[in-house]
Amino acid sequence: MHRFRPYHRYLRQVKVPLVLSILCGIFYGASSGAGLPLMLNYVFPKVFASADAAAPVALTGWQIALVAAWLPMVFLLRGIADYANVYLLQYAGTRVLEAIRLDYFKKLQVLPLAFFQKRSTGDLISRGIADTSQLQVALVNVTNDLIKQPATLVFAISAVAYLAFREQGVAMVLASLAVVPVCVLPIRFIGKKIVRRAARVQEELGSLSGRMSENLSAIREVRAFGLEDYEARRFSTTTRALIKAQMKVVKYQRALNPMIEFVSALGVSITFIYAYRVGVALEAFIPVVGALFMCYDPIKKLGMVNTELKRGSAALDRLEVVFNEPVDIADPAQPVAVTKLRGDLAFEDVTFHYGPDTPALSSVDVRIPRGTVCALVGPTGAGKSTFANLVPRFYDATEGRVTIDGIDVRAMRLADLRRNIAIVSQEPVLFNDTIANNLLLSRPDASRAEIEQAAKDAFAHDFILEKEHGYDTVIGERGQSLSGGQRQRLALARAFLRNAPILILDEATSALDARTEEQIQQALSRLMVGKTVLIIAHRFSTIRDATKILVFQGGRIVASGDHATLHAANDLYRTLYETQRAAGKA
Ligand code: ADP
């Protein structure tokens, strides 16, 4: 149980329903464990004359009604207690589940980007949904059985012991309870088998949703390469593995009931043999057997508590992969107060490693004064994106430091830093919401007039008005109802709205029609005015017009300067530049 101690705080918010549910569980246990056997013992013999009684007891009408009502009343009260117990427990369980899921989701929001490169999205989704559910089921079942079953068992055993003792003394008690401990054996044996297989089911669920999310994120490629059948086969292999794992759990889980029932029948027959030998009367024997039967179910369920705990703990293991992952890119303890930065950017002897192998950036030392339009050029894999990613702290420098206005980026609050940076990526991410709300993401307090102005600056206003609901048009998941050029212009409108002193642009490589291209170029040059701009440049016009060019190769800046200087003096630059020009991108 100590495995779950760090999570006890989740139970605090559901204290009241939990306690009420426990009380109902105890009541349920008392009425099942002792209520029925005692009735068999006390009430029925009074009504039905036993063989040796002289004459049946004469009952008044009231007494008959009372006896007749006894059984339904016991069941009704027991039923109500059971219902309330389960209902309240489920309620508490779903509340706990909600809290755990929310914490899981919140943690995903702050984990460093590097974490997500090691994990499949589908698996992370599965952990957040299937494993949290598994945890909830474990919590509900365990809490339920830990109260109700011991209560039932204690009352039932007490009833057996009391009745048996009264009839025949200790020997009869021992005879009737002899098989109870034997029941534990199949439970332990099967429990162990289930735990391992259940963990496997959770893993397979993770792979299944991994497979599905990978497929959904590549629907275009699947069609383009004609991979439909191939993908279906891969999916089928994964579902088959899941089914196999699930059936193994079923195999053992379902074997438990018949085994327990067999053992309990054995128990009854031992009691029967003993009772026959010592000559116990039927009315004394029946209540003992009744109470004995009441013992087996709680024993079975209590035995399964351990299995449930283990299943819960396996689910927790999978959640803790996320919960325990350190958030190394976080706010500093004492952040430097920052409002609007000027935008003087500097890399001071920065080295950066993604992993243990060769650094993606080595000893990069460069100053980019405010207002500089700085083009980053170089072959693929040279380190341009990595360089740009260090500014908003998507990653932190392994050695050296990145500063803005002389302040280490790690000394500022993340929100303050990132508010001062606008990013326009090659493939702008849009959400399934209205155009206005998509723009507002970059500055939630912007007025409608400001949104429209930003859209006008980005040449987006006209096409937005042509949409059915204008700014209130919902654009579909990832903005699928828009063209590539329209998505880019919305991304630029966002950057206008943000009006941050530092702008990071990853220039789109895909070709657009000439008019859109021209509009985007115009919007860009308008957007860049007065800002410190890092631009991963693919168009030679952008490169040529930049005030400063950094040439990257193998993680190092191998040359810097303006176009004319570099073109005259640097071979690598000249080759790169001519290649871009030959590619015909204006
Ligand atoms: P560029 O933008 O110039 O194409 P990058 O900055 O993307 O280059 O990459 C620089 C180097 O770092 C490359 O060798 C690349 O393989 C490696 N790299 C980039 N991103 C990652 C990552 N997320 N994990 C591990 N290595 C990476």
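Remember, it's 1-based here, ligands and their atoms both numbered in the order they're listed. Just so you know, these numbers come straight off a predicted model, no measurement behind them. The first residue of the sequence shown is numbered 1, and numbering continues consecutively from there.
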Applying ring-ring contact (aromatic ring centres under 6.0 Å, His included) to Phe347 and not counting sequence neighbours gives Phe387
Tyr354: which residues meet the ring-ring contact (aromatic ring centres under 6.0 Å, His included) condition with it, sequence neighbours left out?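 Checked Tyr354 against ring-ring contact (aromatic ring centres under 6.0 Å, His included); matches are Phe352, Tyr395.
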Could you list the donor-acceptor pairs under 3.5 angstrom formed between side-chain atoms of residues 358-374 and any protein atom two or more places apart in sequence or on another chain?
unit_1, atom_1, unit_2, atom_2, d
Asp365, OD1, Asp349, N, 2.7
Thr372, OG1, Pro369, O, 2.5

Would you say Glu468 has more than 12 foreign heavy atoms packed within less than 6.0 Å of its CD?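 Counting neighbours around CD of Glu468, 12 or fewer heavy atoms of other residues, nucleotides or ligands fall under 6.0 Å, so no.
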Considering only heavy atoms, which protein residues lie less than 4.0 Å from any atom of ligand 1? Gln117, Tyr354, Ala360, Pro379, Thr380, Gly381, Ala382, Gly383, Lys384, Ser385, Thr386, Tyr395
Quick one about Asp131 and Tyr104 (side-chain donor to acceptor, distance below 3.5 Å, no hydrogens or angles considered), yes or no?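 Result is no, nothing qualifies.
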Minimum side-chain heavy-atom gap Leu527-Asp457 below 4.5 Å: no
